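Let me begin by presenting the structure, written as structure tokens, before commenting on it.
Because the structure is predicted, anything quoted here is derived from the model rather than measured.
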Amino acid sequence: MKQLLLFISCCLTIIGSQNLLAQAPEKILIEHSDYFDVNQLEAPDAALLTGNVRINHDGVIMTCNKAYYFQKENYIKAFGDVQLVQGDTLYLNSKYAEYNGNMKQAFATGNAVMRSPESKLVTDTINFNRNTQEVYYNTAGTITNRDNTLKSKSGKYYVVEKKFQFLTAVTITNPKYVIKSNHLDYYSNSGHSYLFGPSTITSKTNYIYTEKGFYDTKKNVSHFLRKSYIKYDDRLIEGDSLYYNRNKEFASATRNVKITDSINRGIVKGHYAELYKNKDSMFVTKRAVAVNFVENDSVYIHGQKLMVTGKEDNRIIRAFNKVRFFKIDMSGKCDSIHSSAKIGLTKLIGNPILWNGESQITGDIMHLIGDKKTQKIDSLKVLNNTFIVSKDTLGTGFNQVKGQNLFGKFLEGKLHDVDIIKNAEVIYYMRNDAQELIGINKNVSSKINIIFDKNQIEDITFFTNVDGAIHPEKDLPEAERVLKGLVWRGDERIKSKDDIFTDEENLENDKLVQQGKDENAKKNVPMKVRKETLDYDKKKK
């Protein structure tokens, strides 16, 4: 038993000795030097190498004019035209350098230059850790490659990943733009930049701000998250997620999108938008709404899809599918809207209905005509099957006006003067100043003129072929108090800007808002770059 224990002990001792030998640092090899000298006074315990010095250590070649070799410490101090080469991945040049063979670390200073196949770093002092394959510097440095110039006060380079990392102020200068950030990861082979914290991208065409973003400096495509926006001279684009292609001047935004037009005093919102700057066009969907500001009033237009095209004087706004709109004195619904700034014409297309004050207006074709100078609504045109209806202020009946066509004029944003042309019919509950019912006016004529005051019918005038009378309430049966075609749709009326969205759309929006809150609540979630911006750079193992 004692012999067995002794044998095991010997084996363990041999194995331990072999491990120590395996772990022992490799010695620096002096391959060449024109002169070799030892001067204990000038450099105790060091050999002086002079002229065409070439040193090899574990795959790294160092050359210089002069060097001190400390054999016990496995250490080199190199002077004059120093160059350290690691395969074809890294070249380090300087006036002076030190290399620790035990630690496998290099220090270079004096016009230090690091080169890789993709880029060049120029700074005063560079440190290189071969164990971790990391290069770092804490002096002002400039990095150049084919496309960009990077300047920073400090930085780190990961040799295997070919990645520069900056945790202090850094600037990337490209012929088309300038990127500034306090935290940036830059991959020199792919040109991919990852921005963290307050960062800006400035160019002749726009200004971009982000606190978490990705930029492909070679393909000029980018993706931004967290408090990001793109600002043009006349337009500001905001959203939880922004995609931008500089070559095509195309941008898209996702969730909580807001596009502000400073020239036309308008805002477009939604949860997804696409913008083509060169074509001056915009497409917005998912809870899309356009808001136009005119003096002290605002017009809200909502549709499942919104399109805005053309420059300021020739701008066209289109809204599709279940369009709803609202302003203080007017609201409405239709299948789609086509609005032209050039001619000041807004067409309500497909089953249009308009509420002006307490009046409900319908017809086959409905046009709103604007004053191009004041940008206010000037007039209204309704063609075919015109019908105006409002509830009697005190009773249960309806005031009704029916005819073929309607032509109306607005005064200070309110419908004031209306002409009903051809086959005009009226049922109107007449009341005195004490709001007592005088009678029910039932009349037909070729033309009717109505004057509104404070959104109520103030006066009615009949023209040509007038036929009718004022009937006492008791003498006019209920069935004769309704014109053919009357459909009261008061429950559909849009009474506020919030009513432009349906219950279904509000429910969907609540889900999107909650989703955004959940994502913001998560900390250190890696950025998911969109397909168009490629995948993240991955570490090589």
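Between F398 and W488, the ring planes are tilted. Angles from 30° to 60° get that label. Y207 and Y229 have tilted rings, their planes meeting at an angle from 30° to 60° on a 0 to 90° scale. In this pair, F283 and Y272 present their aromatic rings perpendicular. The plane angle is above 60°, beyond the 30 to 60° band. Using a 30° and 60° split on the angle between ring planes, F164 and F166 fall in the parallel class, below 30°.
A salt bridge does not link K322 with E504: none of the charged nitrogens is closer than 4.0 Å to a carboxylate oxygen. A salt bridge between D280 and R235 is present, with a side-chain N of the basic residue lying under 4.0 Å from a carboxylate O of the acidic one. The pair K218-D147 does not meet the salt-bridge criterion, since no charged nitrogen lies less than 4.0 angstrom from a carboxylate oxygen. In this structure, E358 does not pair ionically with K391, as no charged nitrogen and carboxylate oxygen lie closer than 4.0 Å. One finds a salt bridge joining R315 and D261 here, because a Lys/Arg side-chain nitrogen approaches an Asp/Glu carboxylate oxygen to under 4.0 Å.
No donor-acceptor pair closer than 3.5 Å links the side chain of S152 to the backbone N or O of G155. Side chain of N405 to main chain of N384: a donor-acceptor pair is present (N/O by atom type, distance under 3.5 Å, no hydrogens or angles). No donor-acceptor pair closer than 3.5 Å links the side chain of E274 to the backbone N or O of M282. Panel note: side chain E161, backbone Y158; no donor-acceptor pair is recorded below 3.5 Å. Judged purely by atom type and a 3.5 angstrom limit, S94 has no side-chain atom pairing as donor or acceptor with the backbone of A108.
By the neighbour-count criterion of 12 heavy atoms within 6.0 Å, atom CG of D234 is densely surrounded, having more than that number from other residues, nucleotides or ligands.
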